[in-house]
Protein chains: 2
Amino acid sequence: MSADAVFAALADPTRRGLVESLASAPATATDLAKGLPMTRQAVSKHLAMLAAAELVSTERRGRETRYTLRPEPLREVSRWVDAVGDEWADRLSRLERSIRD
Amino acid sequence: MSADAVFAALADPTRRGLVESLASAPATATDLAKGLPMTRQAVSKHLAMLAAAELVSTERRGRETRYTLRPEPLREVSRWVDAVGDEWADRLSRLERSIRD
DNA sequence: CAGAGATGCAACCAAAGAGTTGCGTATATC
DNA sequence: GATATACGCAACTCTTTGGTTGCATCTCTG
């Protein structure tokens, strides 16, 4: 829900990489840590931040925890960005009109 | 250019507020600091981070520095978010097809 | 049941972030 | 020329972050 948490979560390249991985398929922290130059705990912390931003959901399955992407916060980010971009475009068109007239 | 810098810049509510202000009109650090519960220097630091992320450009005009929004990085953010969202949607549709078939 | 696999929790560390104050400098203005 | 305005830089706090190691717990399997 919090834009702060979502943007902050996406500010780290490791976490964006995790999000990209999870976009193609859910996975566990141990899975994701393979191929990354850091420990499982570090990855786990990153996933906790993604979860705090509600960008992923967790599902415990026996002894493993499966992380799944939740794209709703991404849509909110997209909305905010588009709104600011639109306001800027409007401002520019008003400015151009006032110059032309 | 750096996605890290852009997302990190937008992670702070004060900076998102500054971006929203600048979307309607360029302004100086002193202008923007009025109405905010912090010093001009703090605002100045925030603007420096927005500038590092190339979200604003600066123009010195006599004794004042005017900050103007540069929306290009916002478009890149939008592209990344949309790409991830699209991949996720594709994955879901493939999944649904494999279940139905 | 014993051992291996996967996780979670806590302590610790170095670096970056967000804010402050103080000061120096350049530009307008009277 | 003196004064006020707008700015930039540096030093100093306090908290957060990104990473580590170590250990305890829970679950699966031979």
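Below, chain A is the first sequence line, B the second, and so on; all start at residue 1. This structure is a prediction, so every number in the text was calculated from the model and none was measured.
Under a 4.0 Å N-O distance rule, the pair B:Arg94/B:Glu96 does not qualify as a salt bridge. Remark: B:Glu54 engages B:Arg70 in a salt bridge, criterion side-chain N to carboxylate O under 4.0 Å.
With hydrogens and angles disregarded, a donor-acceptor distance shorter than 3.5 Å links the side chain of B:Ser21 to the backbone of B:Gly17. In this structure a side-chain-to-backbone donor-acceptor pair under 3.5 Å is missing from A:Ser78 to A:Leu74. No donor-acceptor pair under 3.5 Å is formed between the side chain of B:Arg40 and the backbone N or O of B:Lys34.
Note: OH (B:Tyr67) to C1' (D:dA6) measures 11 Å, nearest angstrom. Atoms CG (A:Leu47) and P (D:dT17) sit 16 Å apart, rounded to a whole Å. Whole-Å rounding puts the B:Phe7 CZ to D:dT17 P distance at 17 Å. For the pair B:Asp31 CG and D:dT5 P, the computed distance is 14 Å after rounding to whole Å.
Using a 3.5 Å distance cut-off with no hydrogens or angles, the side chains of A:Asp90 and A:Ser93 do not pair a donor with an acceptor.
Dashed line: the shortest gap from a side-chain N or O of A:Thr65 to OP1 or OP2 of C:dG8 is under 4.0 Å.
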remark   = Readout for nucleotides 15-30 of chain C: B = base within 4.0 Å of protein heavy atom, S = sugar-phosphate only, - = neither; 5' to 3' it is ---BBBBB----BS--
